[in-house]
There are 2 protein chains.
Amino acid sequence: MPTTPLTTLKRIAEQLHVSETTVSRILSGQAARYRISKKTEHAVSQLARAHNFVPNPLARGLRLKKTLSVGLVIPDISNPFFAGIAREVALGARKRGYSVILCDSQDDTGLEAQSIALLRSRRVDGIVLCPVGLASDHLREFTENGLPIVLVDRCFSDLPLPYVGVDNLTGAKDATRHLIENGHRHISCLQGLRGTSPNESRLRGYIEALAEHHLPLDRSLIVGGDSYGEASGYIETKFLLQARKDVTALLAFGNLIALGALRALAEEKLRIPEDISIISFDNQPYLAHLAAPMTTVDQPYAEMGQLAVTLLFDQVQPPGRALKGGALLPTNFIIRRSVRKLC
Amino acid sequence: MPTTPLTTLKRIAEQLHVSETTVSRILSGQAARYRISKKTEHAVSQLARAHNFVPNPLARGLRLKKTLSVGLVIPDISNPFFAGIAREVALGARKRGYSVILCDSQDDTGLEAQSIALLRSRRVDGIVLCPVGLASDHLREFTENGLPIVLVDRCFSDLPLPYVGVDNLTGAKDATRHLIENGHRHISCLQGLRGTSPNESRLRGYIEALAEHHLPLDRSLIVGGDSYGEASGYIETKFLLQARKDVTALLAFGNLIALGALRALAEEKLRIPEDISIISFDNQPYLAHLAAPMTTVDQPYAEMGQLAVTLLFDQVQPPGRALKGGALLPTNFIIRRSVRKLC
DNA sequence: CTGAAAGCGCTAACAG
DNA sequence: CTGTTAGCGCTTTCAG
């Protein structure tokens, strides 16, 4: 691919002594519709190819009010869960001839709103949003006709936007049940970001599992809630271990939180599962190779990402009728060896 | 942030009975230079704010030939190493008011070339490229004046482009030396993608360390070379174990390769470090918590990403003189417990 | 079968 | 202190 210095329609038209219009028509596949002579058509497409012509997307976007680009807003691209989703969005978009503009919101609603405003001003044709999940006012606009959007991972009960997520409630219930059935009675939740839908659903799953088994709900075992990050898992575990010597099991609400918990447990010289059991939400490859291969609630993030692009493009370029709604995928409970049988 | 339906300069100008030019001047901070009356200025900026006006980047880009956007090309965003770099690039770009267009090249030179052509056609102001590293012909254009670019992780000896990477040779040498000093004589390299600069430098480091200790170089211990992926680490380890029962240590040329090796070793019921030792290039948080906390060569990927954006914007918006060149950051050898002392 | 003209929204040169 | 004009590159009437 030699470096051709980006030609324009006009230049091609001039060289061939035809009008820009004609060139435009040919190059956008409208030759037949306008019954352009084979001769002109051939000459034009040949020259275009020779010059490696690509229509200027800025000019095109300005005129068409379509940019062939979509936005992708992610709370933290370095979290492998989101990176996995991002990958699928990137591939799916390219497959359809779209570019993706990436925004990292750093789990900050302000930055998220700013990102969306930016994407809107850039005239993207749609947005895949993994929202921070704490506020949704800035998303109101999307409910109406407006800009196509798909929410991933976190959603809002009062906002009927297409959404792709997993069945967090069942996932957490499976995990908690497993712990209870193995004899655990003092199970602590290492929460993610309090107020976000996955966190609340997981919490509900946990609570329901306890209720099912007629176990008391001890609020002081529900800790954390500031973030899904590694630091949060670490700190909360440290405090928890100090305050509650009776805890026998942890349920981490995210892979980074589990990692933080691991670090804290190592510092305290606690062995898994002999001294304490742990289950993590969101499987990652390495979890199978830990000192104690970790039992986890697997989230199918590749499918989540793929489904998200599909739903988005169903709105962007409706094939027939756009299927709104979205989907709640099942989680997959993977039992490894991080839980000790107590009874 | 209420949904204002995206105004234009013209509309503001009409409402205030002034020219578009005046509005443009005021809104681009040139009021003083053109000595625009406080009254007009105030009225305009007020109305603009009320309408939440943002200049249309497409129109702006078309006119100015600047888009306030940069491209980011990554071989695999789901590899935590690259995700870490991507994060810093995204943050650094936003900080400077730039958007980033993300392309995943899937470790395919063809897709990489395509991505670059796309970015060029989209008139990005610069590119951060983590090249596949096998071919560089499509990068020739960047050597001249052209589009600002920074290479990250992999580079080309015959292409003098600004580059940010680590000292792979020393890193691999440290690791190999460590193995040798612990009595290992049959050390296998699980290569990454053969022909890419990090792979070749690491290989050289390995070879030099052997030479230093007057150990013979056994080519059949150098396996893999198809990819930096998990699958490659798995397959190659499987084959290796079959062919060479005398191997006592592995040097994995990437975090995903190490993960694959781990999977293979687990299947073969080999314990680390009792049965086999392993060191991985590219530290990741979880490596500290494996059954055998893994000794690794740490790459400062956050700094790499930050440095890359810095170098890029030094070219995009030169502060004084753009410092070309780039940087080779040192690696950090972290000794954990995946290597057994044999002597 | 082809083209001229207008306009998407913005800015810069040239004029006052 | 302000405005007119032209044009970035493209598509789309409207008019042959």
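In what follows, chains carry the letters A, B, and so on, assigned in the order in which the sequence lines appear, proteins first and then strands, with residues in each chain numbered from 1.
In this structure, the CG atom of A:Leu58 is 17 Å from the P atom of C:dC8, given to the nearest Å. What separates CD1 of B:Ile12 from P of C:dT11 is a distance of 11 Å, to the nearest Å. Spacing between atom CG of A:Leu9 and atom P of D:dG9 amounts to 10 Å, rounded to whole angstrom units. Summarising the geometry, the separation between CZ on B:Arg33 and P on D:dT2 is reported as 15 Å, rounded to the nearest angstrom.
Residue-to-nucleotide contacts include no donor-acceptor pair under 3.5 Å from the side chain of B:Arg63 to the base of D:dG9. With hydrogens and angles ignored, a donor-acceptor pair closer than 3.5 Å exists between the side chain of A:Arg25 and the base of C:dG3. Below the 3.5 angstrom threshold, one finds a donor paired with an acceptor across the side chain of A:Thr21 and the base of D:dT12.
When each of C:dC10, C:dT11, D:dG3 is scored by its nearest atom to the side-chain atoms of B:Leu64, the top-ranked nucleotide is C:dT11. Taking only side-chain atoms of A:Lys65, from C-beta outward, the nucleotide of C:dC8, D:dG3, C:dC10 with the closest atom is C:dC8. The listed nucleotides are D:dG3, D:dG9, C:dG9; the one nearest the side chain of B:Thr8 is C:dG9.
Taking the side-chain contact (heavy atoms from CB on, under 4.5 Å) definition, one finds that B:Lys66 meets it with B:Leu64, B:Asp125, sequence neighbours left out.
Here A:Lys10 does not reach the OP1 or OP2 of D:dG7: none of its side-chain N or O atoms lies under 4.0 Å away. Applying the 4.0 Å criterion to OP1 and OP2 of C:dC1, one finds that A:Lys38 has every side-chain N and O outside that range.
Atom OH of residue A:Tyr163 and atom CG of residue A:Leu311 lie 12.5 Å apart, to the nearest 0.5 angstrom. Here A:Arg122 contributes atom CZ and A:Cys103 contributes atom SG; the two are 9.5 Å apart, rounded to the nearest 0.5 Å.
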